[in-house]
Undergrad: 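Below: one structure in C-alpha cells.
Chain letters run A, B, ... following the sequence lines, proteins first, then strands; residues in each count from 1.
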Amino acid sequence: MSTARFTVSPLSLPSQSNLQKQNQNQNPPWIPTPQLLCKYPILRHLSSCKTLKDLTQIHAQTITTGIFSDNFVASRILSFAALSPHGSIPYARFLFYRIRKPDIFIANTLIRAYAFSPNPIDAVVFYSEMTESSVVFPDVHTFPLLLKACSEIPSLRLGEAIHSHVCKLGWSSEVSVSNFLVQMYASCGLIESAELVFDRTPECDGASWNIMIGGYLKCGVFESARRMFEAMPDRDVVSWSVMINGYVQESRFKEGLGLFQDMMEEKIEPNESVLVNTLSACAHLGAMEQGKWIERYMERKNVRLTVRLGTALIDMYSKCGSVERALEVFHKMKEKNVLAWSAMINGLAINGQGKDALNLFSQMEMQGAKPNEVTFIGILNACSHSKLVDEGCGFFHSMTSIYGLKPNAHHYCCMVDLYGRAGMLDQAQTVIKSMPFKPNSAIWGALLNACRIHGDTELGEQVGKRLLELEPNHGGRYVLLSNIYAACGRWDRVSELRRMMRERQVSKTPGCSFIDLGDTIHEFVAGDSSHPQLEMIYAKLGEMSQELKAAGYKPDTAQETALCHHSEKLAIAFGLIKTDPGTTIRITKNLRVCADCHSATKLISKIYNREIIVRDRCRFHHFRDGSCSCMDFW
DNA sequence: GTAGGGTTAG
C-alpha cells in the first residue's frame with residue numbers, strides 16, 4: 001500500500017484551515033506531469049482545453065505524430081474526455097476502443113467516469129465487457145469504483161456479484177476495497193452485512209470508521225453511529241461532517257445542530273459541507289440566530305462565499321422569514337447558478353412576495369441563466385400563494401413549449417394548489433384528470449386543502465375518503481377531513497373519524513412550535529407540561545386570553561380540542577415574556593396554523609404591538625398590527 | 001512518469 005498519505009506535505013500543515021485547503025486549486029487529473037509535458041509538449045494544450053472540439057484537435061495531432069500509441073499520452077486524452085465537464089463519456093469510450101493495448105489504468109479512468117455519471121450501472125456493464133473479452137485485468141483500484149457504482153444505483157445483486165469477484169481475486173482484505181464493500185452494503189440497507197465486512201477488515205483506517213458511521217446513519221441506526229463516533233480513535237473533520245450531515249439528511253435537525261455546537265466547542269474547523277448542512281438544519285428549524293451566527297463565523301474566518309454556501313444562506317434566511325437578509329446574501333454572491341436563483345425565487349414565493357419572485361425570474365432570464373424544474377416549482381408556488389392564476393398557467397405551459405422541461409408530480413401539485421386556493425375547484429380537478437400519471441397523495445392533499453379553504457364539504461368528503469384509502473396511517477389526513485366536517489357542524493362524522501383513528505391506531509403528528517432565543521431553541525407541543533418555566537407561561541396565556549376577550553375575540557369552535565393550548569400560543573406567550581417589547585417574535589411550527597390560532601395571533605400582534613412571524617408547514621405568516629401577510633389565505 | 005477512499009444545495 002502506498003505510504004504517500006502519511007507524509008506531511010505543506011497542504012496538511014495544521015496552520016492551514018480546512019476551508020482554505022478546499023479553496024486551493026489542485027490540477028485536474030488529465031493535466032500531464034512535468035516529465036510527460038517535457039517529452040510531449042503538445043499535451044500542454046490540455047490545460048487550456050475548453051471544448052470537446054479542442055480535444056479532438058489535440059487527439060488528431062497525437063495520431064498524426066504517432067504519439068497516441070504511448071499509453072501515457074492516450075490516458076491523458078481519455079481522462080479529459082471522461083472526467084472534464086467539457087468532455088464526453090461516449091467519446092472517452094470511443095477512444096478506449098482505439099487504444100491498441102489499453103492498460104488497467106485507462107480502463108479504471110473510464111469506469112470512474114461511469115461510476116460518477118447519471119447511469120452508474122454503465123461502470124459495471126463496461127467492467128463485464130472488459131473482463132469477458134480479457135482486454136485488461138482488474139486491479140485493486142477497479143473494485144472501489146465498481147462498488148461505488150453499486151452503492152449509487154443502488155443494486156445489492158450487482159454489489160454481491162462484485163463482492164464475489166473481489167473474493168475470487170483475493171482483494172477482500174485490502175482496506176480500500178473493504179471500505180467500499182461496507183459502503184455498498186449500507187447503501188443497500190444491509191447494515192448487518194456492512195458490519196460483518198467492517199469487523200473482518202484486518203486493518204481499518206480512518207475512512208473505515210467514517211464509512212461505517214455513515215452507513216449506520218443511512219440505515220437509521222443512530223445509537224450505533226453515535227456510540228462508534230464517541231469511541232473512534234481519532235475523529236477528524238470528515239468524521240464530524242459524516243455525523244452532522246447524516247443527522248440532517250435523516251431530518252434529525254436538532255441533533256445535527258447540537259453536534260455542530262459540540263464541534264465548535266472542540267475547536268474543529270468546519271468544512272463547506274458541514275456549514276451547508278448545518279445551515280440546512282437551521283432552515284428546517286427556523287433557527288435564524290444560529291444561522292446568523294454561522295454567517296458571522298464565515299465572515300470572521302474569511303470563508304469564501306461559494307455558490308453552495310450562498311444558496312444555503314439564502315434558503316436559511318428565507319425559511320426563517322427574513323427575505324431582506326436572503327436578498328442581501330443573493331446580491332453579495334459573485335457567482336450564481338440556477339440553484340441560487342431558484343432558492344431566491346422560492347424564498348420570495350414562500351414569504352408571499354409573488355410579484356417580486358416573478359420579477360426575479362425575468363432578471364434571471366435576462367442574465368442568461370437557464371431555469372430548470374426546481375425553478376418552476378418556486379415560480380408556481382409564487383403564483384399560487386399570491387393568487388396569480390393566469391400567470392401561473394402561462395408559466396406552466398411555457399415549461400414545455402419554451403423551456404423543453406417536463407412537468408413532474410410536484411408541478412402538477414402546484415397547479416392543483418394554484419386553482420384550488422383560488423377557489424377554481426373544477427379546474428383543479430381537470431388538471432388531475434389531464435395528468436399523464438396517477439395522482440399521488442400530495443395532489444389529492446392539495447385538492448383537499450382547497451376544499452377546506454372554500455368550504456366544499458361534498459368534494460372534500462370524496463377526496464378525503466380517497467386519501468384515507470391511499471394513506472390509512474397518515475394522521476394529518478384524518479385531521480384535515482375532520483376539520484372540514486367540524487366546519488359545517490357534522491359532529492357525528494368528526495367522532496366517527498376519531499373512532500377510525502383509534503381503531504387503526506393512527507396517531508396525529510403532535511403539533512409543535514419552536515422559538516429561537518439565540519442561545520437555545522425552545523420547543524413546545526400542544527398542552528405542553530414539560531417546560532421548566534411552565535407556570536409563568538400559563539400565567540401569560542391567562543393574561544393573553546383576557547386581553548383577547550376584551551378586544552372582542554371569540555374562540556373558533558369549528559376546530560377541535562385544546563385550542564387555547566396549541567403549541568404556537570405557548571410559544572408566543574413565551575416569546576412575549578422573554579423578548580424585549582417591540583421586537584419581532586419568530587415561531588416555526590411543524591403543521592399548518594389553525595384558523596383559531598391565526599385570528600388570535602392577528603389580534604395579539606395588535607394588542608402587544610409586536611410583529612409575529614410564524615412559519616408553518618407550507619408558508620410564512622407575517623402578523624403585524626392586527627393583520628397577516630397571507631391575507632387570510634393559506 | 002499517471003489514480004484513491006469518508007461529505008456538498010429545493
Undergrad: Can A:Glu295 and A:Lys301 be counted as an ion pair, charged N to O under 4.0 angstrom?
TA: no
Undergrad: Any salt bridge (Lys or Arg N to Asp or Glu O under 4.0 Å) involving residues 175-201 of chain A? Give me the pairs, sequence neighbours left out, ordered by first then second residue.
TA: none
Undergrad: B:dG1, B:dG5, B:dT2: which one has an atom nearest the side-chain heavy atoms of A:Leu36?
TA: B:dG1
Undergrad: Mind jotting down which residue pairs meet the salt bridge (Lys or Arg N to Asp or Glu O under 4.0 Å) criterion with at least one end in residues 242-255 of chain A? Sequence neighbours excluded, please.
TA: A:Arg252-A:Glu255, A:Lys254-A:Glu523
Undergrad: Scan A:Phe180 against the nucleic acid and name what it touches under 4.0 Å (heavy atoms): base, sugar-phosphate only, or nothing.
TA: sugar-phosphate
Undergrad: Have a look at A:Asp139 and say if it touches a base, only the backbone sugar-phosphate, or nothing, with a 4.0 Å heavy-atom cut-off.
TA: base
Undergrad: Can you find a donor-acceptor N/O pair under 3.5 angstrom joining the side chain of A:Asn108 to the base of B:dA3?
TA: yes
Undergrad: What nucleic acid atoms does A:Asp236 come within less than 4.0 Å of, heavy atoms only: base, sugar-phosphate, or nothing?
TA: base
Undergrad: Please tell me which of the listed nucleotides, B:dT8, B:dG1, B:dG6, lies nearest to the side chain of A:Gln183?
TA: B:dG6
Undergrad: Of the nucleotides B:dT7, B:dG1, B:dA9, which has the atom closest to the A:Phe72 side chain?
TA: B:dG1
Undergrad: Need one value for A:Asn277: base, sugar-phosphate or nothing, where a base atom within 4.0 Å counts as base even if backbone is also close, heavy atoms only.
TA: sugar-phosphate
Undergrad: Return no unless some side-chain N or O of A:Gln249 is found under 4.0 Å from OP1 or OP2 of B:dT7.
TA: no
Undergrad: Ignoring the backbone of A:Gln35, work out which of B:dT2, B:dA9, B:dG1 is nearest its side chain.
TA: B:dG1
